[in-house]
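The structure appears right after this line, and notes come after that.
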Amino acid sequence: MPKLTINGTEVTVDAGKTVLQACEQIGIEIPRFCYHDRLQIAGNCRMCLVEMEKSPKPIASCAMPVNEGMVIRTNTAKVKKARNGVMEFLLINHPLDCPICDQGGECDLQDQAMAYGLDRSRYTEHKRAVPDKDLGPLVETHMTRCIHCTRCIRFATDIAGVEELGTMGRGEHMEIGTYVEKALTSELSGNMIDLCPVGALNSKPYAYTARTWELVRTETIDVHDALGSNINVNARGREVMRVLPRLNEDINEEWISDKTRFAYDGLRRGRLDQPYVRKNGKLAPATWKEALSATAGAITGAGGGSIAAIAGDLACVESMTALKDLFDQLGSPHRDCRQDGAQLDPSVRAGYLFNTTIAGIEESDVCLLIGTNPRWEAALVNARLRKRYLRGGFRVFSIGPRLDLTFPVETLGAGPETLEAIAAGGHPFVETLSAAKRPMMILGQGALARADGSAILAAAWRIAVTCRLVRDGWNGFNVLHIAAARVGGLDIGFVPGKGGLDVSGMLDGASSGKTQVVYLLGADEIDVRRLGSAFVIYQGHHGDAGANRADVILPGAAYTEKSALYVNTEGRVQQTKRVVFPPGEAREDWSIVRALSEAIGARLPYDNLAELRQRIERAHPHLAERGVAPGAPWSSFGHEGRMDQAPFRSPIDDFYMTNAICRASETMAACSALYVGSTAGKTGTHG
């Protein structure tokens with residue numbers, strides 16, 4: 001470990017670190033624009049210049065590796081003059097847009113000009129102007145402000161894996177843009193906005209709508225996929241204005257997907273803000289008393305054996321627990337949280353978790369994808385896989401449709417025939433998987449959400465056992481969920497009880513008239529045409545498919561409007577926080593179920609959220625641990641049986657339209673129209 005002296009202080013740092021990192025280790029701030037600790041080093045802004053003994057001129061500290069005996073000075077007159085000069089150069093062509101720039105108040109250039117710049121410039125030439133680029137509906141450009149730090153280029157190349165940005169021209173004619181004029185096609189493109197140190201790249205939907213000092217920031221989590229990305233939601237009054245990433249090394253690092261970042265405008269469109277009751281074939285506004293009375297009358301009139309409940313993909317643990325408790329009191333075993341019909345075994349927790357953990361991907365050396373397209377199902381899992389690939393010594397194989405991911409994938413086959421060959425030990429890939437030091441498998445909903453899903457799950461278990469994916473200190477068996485509610489629902493047992501029907505059985509029962517009442521807890525991803533003449537109760541926050549079919553609508557709260565528990569695909573328990581209040585007469589979901597229980601005469605034994613959470617933690621102690629992914633005991637799961645030879649297909653046809661919030665978003669609609677072609681869902685590529 002090299003030892004060097006910085007401003008008279010001896011420092012010992014790890015080999016391979018840079019001078020800039022060594023300075024930060026002892027609390028010395030070094031200004032920078034191009035350097036970012038997650039991107040490759042460029043060394044082109046020269047703002048991080050420091051003085052090194054025996055060097056005739058200042059050095060770029062971000063690009064200089066530490067060496068034994070170095071003597072560094074960061075506060076000399078020479079360094080100050082160099083930084084003043086660099087700042088003067090950077091501001092030669094920078095426009096005086098600060099009063100109108102969306103980056104104002106959060107701009108690195110503003111901050112560093114104040115700290116390291118001069119109060120005048122010696123340059124009187126005309127500033128150059130650069131035409132703006134059209135990068136699509138998400139990223140707005142003001143390229144005259146660009147200082148050529150190349151962070152956006154390196155992000156697109158290193159992290160997103162979509163090499164669409166680059167530099168053209170030289171000297172004062174240099175510009176950053178796409179090689180061929182087109183929109184950015186990465187699902188992570190919005191992160192370039194955060195990386196841009198000036199106002200060259202901004203959020204197009206957020207442009208000119210608010211100033212940073214007007215916003216109230218709330219740390220919460222995302223529910224658009226099953227990762228539970230940590231986010232910072234900014235609101236003004238009762239309106240969400242933007243969504244930004246929050247650092248969490250175990251889940252999303254400091255990135256979020258474009259759906260997480262830009263779908264927030266769906267929170268204010270198509271909302272259910274008052275109860276409705278269907279009268280004479282049409283939904284009419286009603287009071288809460290009328291809606292609860294109509295709901296209670298339908299449920300008590302049908303009886304426990306004729307009522308069923310389906311939980312949607314955005315339902316929280318509290319609302320599912322309350323609804324399960326209510327149905328238990330009513331004597332109904334018909335409930336399910338698996339809208340897509342995924343044949344998951346709820347009795348073995350390790351059989352439905354991402355056991356390796358998202359961060360654990362970086363320790364693997366071989367990965368097998370089964371019926372999954374991580375680029376669309378979990379963009380940040382895909383980014384982790386790419387990160388591991390770039391380090392070398394990592395191979396990815398796939399069973400399912402051909403994938404266009406951001407790293408090479410070797411396709412072994414299209415469906416269960418290949419899976420069975422590997423499980424039986426007769427496929428050449430068995431040797432590769434068994435010889436790996438840290439092998440992993442990612443089983444997707446495209447393989448599980450089929451009639452033979454349980455047999456596929458059993459075959460995957462056999463592969464995990466025979467190829468030793470589960471070893472001391474390592475569990476390489478992973479299920480990648482696409483619904484934020486799924487793991488929480490399985491954890492609390494929101495699945496058919498003894499003699500109960502699953503989603504398919506409930507829909508068949510409703511079609512035949514056997515199931516008389518169906519309670520949809522935000523369930524919109526089912527075929528509502530199969531509900532027949534059943535009395536449908538819809539509790540949710542958007543007027544989506546379920547609400548259109550409902551006989552009674554009970555308006556609930558979206559994820560930004562309540563404090564609620566969600567369990568991500570790893571089994572990590574996290575909590576949302578209320579950012580704004582629900583619109584109109586909408587209420588938190590658990591409280592609606594609690595009020596309904598009283599109307600029915602089957603009063604639930606908790607009166608507030610704290611009591612409900614105590615009930616959850618008593619019944620399921622692992623849900624009391626926040627922010628950790630506890631390991632689950634390994635056991636056999638799935639049911640051996642015949643597998644249909646139909647090939648696996650992706651469960652997502654449109655990355656931008658996966659839930660009610662996204663479908664209400666104009667921004668997501670624009671992305672869908674631009675990017676998703678007729679074959680996009682099958683190939684995993686943009687149209």
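This structure is a prediction, so every number in the text was calculated from the model and none was measured. Here, residue 1 is the first one in the sequence, and each next residue gets the next number.
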Test side chain to side chain contact (heavy atoms under 4.5 Å, CB included), reference I231, set N252, T560, T220, N248, output is T220

Pairwise distance [atom1]([X]) to [atom2]([Y]) - rounded to 0.5 angstrom:
| X | Y | atom1 | atom2 | value |
| --- | --- | --- | --- | --- |
| E570 | L480 | CD | CG | 10.5 Å |
| F354 | N475 | CZ | CG | 11.0 Å |
| N659 | H224 | CG | NE2 | 5.5 Å |
| S434 | R468 | OG | CZ | 8.0 Å |
| D345 | L448 | CG | CG | 11.0 Å |
| S398 | L403 | OG | CG | 4.0 Å |

Looking at K577 and E219, is any side-chain nitrogen of the basic one under 4.0 Å from a carboxylate oxygen of the acidic one? no

| query | So, are D654 and R663 salt-bridged, with charged N and O less than 4.0 Å apart? | reply | no

[atom1]/[X]: more than 12 non-hydrogen atoms of other groups inside 6.0 Å:
| X | atom1 | answer |
| --- | --- | --- |
| R391 | CZ | yes |
| E417 | CD | no |
| R626 | CZ | yes |

Residue pairs meeting ring-ring contact (aromatic ring centres under 6.0 Å, His included), one or both in residues 464-503, sequence neighbours left out, come to F477-W634, F477-F637

By ring pair (Phe, Tyr, Trp, His ring centres under 6.0 Å), H541 pairs with (sequence neighbours left out) none

Just checking, any donor-acceptor pair under 3.5 angstrom between side chains of [X] and [Y]?
| X | Y | value |
| --- | --- | --- |
| D250 | T357 | no |
| Q21 | D14 | no |
| R462 | T466 | no |
| T260 | S257 | yes |
| Q339 | D313 | yes |
| D589 | S319 | no |

Heavy-atom side-chain proximity of P496 to R338 below 4.5 angstrom:
yes

Smallest heavy-atom separation, Y352 atom then D491 atom, equals OH-OD1, 2.5 Å

